[in-house]
Amino acid sequence: MVPRPRLAVWKFASCDGCQLTMLDCEDELLAVANAVEIANFREASSAVVEGPYDLSLVEGSITTPEDAARIREVRAQSRTLVTIGACATAGGIQALRNFGNVEEFQRVVYARPDFIATLAASTAIRDHVAVDFELRGCPINKAQLLEVVSAFLTRRAPNVPTESVCVECKRRGNVCVVVARGTPCLGPVTQTGCGAICPAYHRGCYGCFGPMDSPNTASLIRNLGYLGMAPDAVRRVFRTYNADAPAFRAAGDSVGGEGAGG
Amino acid sequence: MTAASPAAGDRFLLDRRDFSAFLTSIRTAGYRIVGPTVRDGAIVYGDIQAESDLPIGWTERQDAGRYRLERRSDQALFGYVVGPHSWKKYLFPSHERLWTATRDGPTFAVISEPSDPTPLAFLGVRACELAALKITDKVFMGGIPDPSYSARRTRVLRVAVQCGQAGGTCFCVSMGTGPGVTSDYDLSLTEILTEGRHEFLVAVGTEAGGSVLRSVPLRPPTDEADRTVTAIVAHTASSMGRSMDPTGLRDLLLSNPDHPRWERVAKRCLSCTNCTMACPTCFCHTTEEVPSLDAEKTERWRRWDSCFNLEFTKLHATPVRASSSSRYRQWLTHKLGSWHDQFGTSGCVGCGRCITWCPVAIDITEEVAALRVPPPAPTPGGGH
Ligand code: SF4
Ligand code: SF4
Ligand code: SF4
Ligand code: SF4
């Protein structure tokens with residue numbers, strides 16, 4: 001029998017939500033387990049198999065010197081490396097530190113700041129090693145995860161669209177919250193993948209999947225202002241889970257007002 | 001009433017209190033009725049089980065990038081215009097499995113997708129929407145018929161409604177598609193609602209339309225009702241929220257690929273696709289293979305796509321329309337220009353959906369007006 005491809009799941013600075021999405025694939029997990037040998041997945045089993053691995057899924061961002069070294073080891077052991085989630089792909093919510101002063105935070109938060117070994121910035125995996133594919137989302141979408149695994153198994157490009165959330169919002173028949181309610185929404189500049197969940201529940205999109213492939217944030221910022229958002233609020237909506245994704249970082253930085261820059 | 005079915009060309013009056021009987025009669029004839037209903041702050045299309053599912057007493061206010069439901073001062077059944085949905089969602093669904101292939105030893109078997117045989121009755125189709133249906137019929141059934149579209153379309157009963165008011169973004173008069181319903185319908189209703197009087201003038205367009213009227217209590221039309229209906233349509237025609245000069249549109253679009261307006265609109269355009277998704281005639285789609293993890297089975301799906309999507313413009317992994325100005329230009333030039341060459345008609349019926357549902361209020365009529373202004377001649381020497 002041909003050996004099954006070996007899959008590993010790695011965790012860096014993250015909340016485990018993306019790995020849990022994988023566990024949430026109850027029905028499909030069996031098929032995944034049949035198709036691949038799950039060689040390292042601490043969230044699911046304590047058994048660890050030594051590398052090398054055919055497919056590594058990496059969750060979390062790089063925030064410590066140890067992790068910066070560890071990701072290079074993971075890369076060296078992995079034929080294909082796929083990042084999963086906003087942390088691994090854009091630095092995550094913890095990348096808000098990139099807009100402030102980490103030493104100052106340490107002094108304020110910890111009794112013994114000298115015990116803390118941390119980097120000044122939370123960075124994406126791509127900033128440290130070569131990445132074969134980046135799966136977006138906070139958390140990732142289970143169907144997209146299965147698509148990536150399936151694409152890897154059949155050696156084809158994953159079908160993960162980079163268009164706006166609006167496309168899926170309209171496909172599922174939602175009534176646009178911007179037009180019908182005057183509710184601010186990041187959907188037009190955010191990559192699809194969630195299934196347009198928030199607009200289906202009358203809320204604007206929060207940008208969990210990061211910037212879409214051709215985001216016109218300048219136009220959307222004018223629209224957010226027109227809908228009544230103050231500049232501070234506009235900056236804040238771009239500074240969440242994907243704050244350090246280049247297009248969202250630039251969008252936040254472009255808004256004037258108190259607390260700008262950083 | 002006689003036992004014979006009303007025939008094409010016949011006209012009747014239907015009392016408001018018999019409207020439920022009319023719906024029952026359509027349903028008894030085997031149709032699933034879909035039509036306007038209030039959901040999530042808008043009038044969308046959904047299943048109509050009873051007349052109470054209709055937006056009775058509701059209307060809306062529409063403008064570029066803005067839509068608000070409002071209460072009417074009366075209990076009209078059709079006192080509003082078109083919303084974010086169009087009938088295309090029933091004929092050309094947003095996601096649709098076309099077929100499935102399964103591995104069969106060294107070869108594979110293709111299993112075609114069964115179509116739902118229940119015929120649909122579209123209740124409340126406006127004149128602009130009848131025109132849109134005619135266009136999508138050409139697109140999907142003009143050459144080699146698309147199996148799923150035509151299977152559904154050939155069983156549809158079109159119950160039209162002549163608009164009693166125009167919306168803030170309507171311009172059917174400019175496009176010559178409305179508001180009067182003159183052809184391509186099975187039944188056409190006009191709601192008459194005055195002091196102490198609430199009834200519908202019903203015009204029969206086809207045999208299929210006539211046959212669903214067999215058990216409905218109807219009265220012969222009166223001259224007065226005819227005059228009222230003519231006045232209603234004339235009033236609607238005179239209150240269009242928008243207008244667009246249709247003369248020479250094809251040539252205007254095809255001869256202006258370098259107009260500076262394209263760059264101006266691109267500063268605002270989000271490439272979000274809302275306009276094309278809401279448009280009743282936009283038909284772009286993508287097809288995708290969805291294989292199972294064990295690679296024993298694969299499904300082919302069709303999904304709505306849009307010329308505004310960067311990925312949609314990729315040929316061999318390279319976008320042929322990388323800028324959003326070129327994508328907006330592609331949309332408008334196809335819709336109002338090359339559509340004529342392709343389908344012998346404009347692609348726009350003047351329903352106004354792309355204007356209302358654009359989050360940043362881009363207005364097709366405004367863009368066309370701007371394109372009519374010739375670009376300034378290049379100044380030699382370059383001033384500022
Ligand atoms: S609600 Fe948001 S995501 Fe949906 S169509 Fe409107 S702007 Fe786009
Ligand atoms: S282009 Fe706009 S106005 Fe014309 S048919 Fe499409 S949605 Fe309606
Ligand atoms: S465009 Fe004309 S036919 Fe269509 S809804 Fe408006 S008034 Fe009615
Ligand atoms: S014209 Fe409006 S609705 Fe259409 S893609 Fe541009 S921003 Fe979106």
Side-chain angles (χ1 to χ4, degrees), chain A residues 25 28-36 143 146-147 149-151 153-154 156-157 159-185 187-190 192 199-202 212-220 222-224 226-227, chain B residues 39-46 60 62-69 83-85 89 93-95 266-278 286 288-295 298 301 303-306 308-312 317 319 322-324 327 356-362:
Chain A
C25 303
E28 301 85 355
L29 210 54
L30 212 60
V32 174
N34 278 331
V36 298
L146 291 167
E147 165 61 17
V149 173
S150 152
L153 290 171
T154 47
R156 60 180 174 82
N159 179 12
V160 175
T162 55
E163 64 210 18
S164 73
V165 173
C166 301
V167 183
E168 193 57 23
C169 197
K170 276 282 181 293
R171 282 192 195 123
R172 73 180 273 179
N174 288 348
V175 174
C176 177
V177 300
V178 175
V179 172
R181 295 172 191 269
T183 302
C185 180
V189 297
T190 300
T192 191
Y201 293 95
H202 309 163
M212 50 86 95
D213 55 24
S214 49
N216 187 347
T217 51
S219 175
L220 192 79
R222 283 193 295 275
N223 178 253
L224 297 174
Y226 170 79
L227 295 173
Chain B
R39 201 200 75 201
D40 298 335
I43 295 167
V44 298
Y45 292 148
E60 83 283 78
Q62 300 196 32
D63 202 344
R66 192 181 160 88
Y67 179 107
R68 290 293 183 277
L69 271 184
H85 291 183
K89 73 170 189 167
S94 63
H95 306 79
K267 290 232 160 29
R268 300 169 64 201
C269 178
L270 301 161
S271 290
C272 67
T273 81
N274 274 300
C275 48
T276 53
M277 298 283 147
T286 184
E288 300 171 345
E289 311 302 331
V290 185
S292 63
L293 275 169
D294 61 5
T298 185
W301 283 77
R303 290 177 210 277
W304 288 357
D305 208 330
S306 168
F308 282 93
N309 278 338
L310 184 63
E311 282 185 313
F312 188 71
S323 65
S324 73
R327 298 202 291 280
T356 300
W357 298 98
C358 173
V360 290
I362 293 172

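Chain letters run A, B, ... following the sequence lines, proteins first, then strands; residues in each count from 1.
Smallest separation of non-hydrogen atoms from A:V167 and B:W304: CG1-O, 4.5 Å. Between A:S219 and B:V360, the shortest heavy-atom contact is OG-CG1, 3.7 Å. Considering all non-hydrogen atoms of both residues, A:K170 and B:A278 come closest at CE-CB, 4.3 Å. Residues B:A266 and A:N216 approach most closely at O-ND2, 3.3 Å, considering heavy atoms. What you find for B:E288 and A:N159 is that their closest heavy atoms are CD-ND2, 3.2 Å. Nearest heavy-atom pair across A:V149 and B:L293 is CG1-CD2, 4.2 Å.
For chain A, no part of B:T276 is nearby; none of its heavy atoms comes within less than 4.5 Å. The parts of A:T162 that come within reach of chain B are both its backbone and its side chain, each placing non-hydrogen atoms under 4.5 angstrom from that chain. In this structure, chain B has no heavy atom under 4.5 Å from any part of A:P215. Looking at A:L153, only its side chain comes within 4.5 Å of chain B, counting heavy atoms on both sides. Of the atoms belonging to A:A180, heavy atoms from both backbone and side chain fall under 4.5 Å from chain B. At a 4.5 Å heavy-atom cutoff, the contact between B:S271 and chain A is made by backbone and side-chain atoms alike. Interface residue A:D213: backbone and side-chain heavy atoms are both found under 4.5 Å from chain B. Only the side chain of B:P84 has a heavy atom closer than 4.5 Å to any heavy atom of chain A.
A distance of 6.0 Å separates CD of A:E163 from CG of B:D305, quoted to the nearest 0.5 Å.
When each of A:C166, A:S150, A:C169 is scored by its heavy-atom pairs under 4.5 Å with chain B, the top score falls to A:C166. For the options B:P291, B:A42, B:S292, B:G41, heavy-atom pairs under 4.5 Å to chain A are most numerous at B:P291. Per-residue heavy-atom pair counts under 4.5 Å with chain A were compared for B:S94, B:A361, B:C269, and the maximum is reached by B:S94. Contact tally against chain B (heavy-atom pairs below 4.5 Å) for A:C176, A:G173, A:G187: the top residue is A:G173. Among A:E28, A:E147, A:R156, the residue making the largest number of heavy-atom pairs under 4.5 Å with chain B is A:R156. Residue with the most contacts toward chain A among B:E60, B:Q62, B:H85: B:H85 (heavy-atom pairs, distance under 4.5 Å).
A donor-acceptor pair under 3.5 Å is absent between the side-chain atoms of B:D294 and the main chain of A:A35, judged by distance alone. Put simply, the side chain of B:R66 never gets that close to the backbone of A:V178: no donor and acceptor are under 3.5 Å apart. Proximity of a side-chain donor or acceptor of A:N223 to a complementary backbone N or O of B:P359 within less than 3.5 Å is detected. No side-chain donor-acceptor contact under 3.5 Å links A:R171 to the backbone of B:H95.
Counting heavy atoms from C-beta on, the side chains of A:S214 and B:R327 come closer than 4.5 Å.
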Go through A:N174 and B:D40 one step at a time and tell me if the side-chain contact (heavy atoms from CB on, under 4.5 Å) criterion holds.
CA-CA 8 Å; A:N174 288 348; B:D40 298 335; 5.7 Å; no
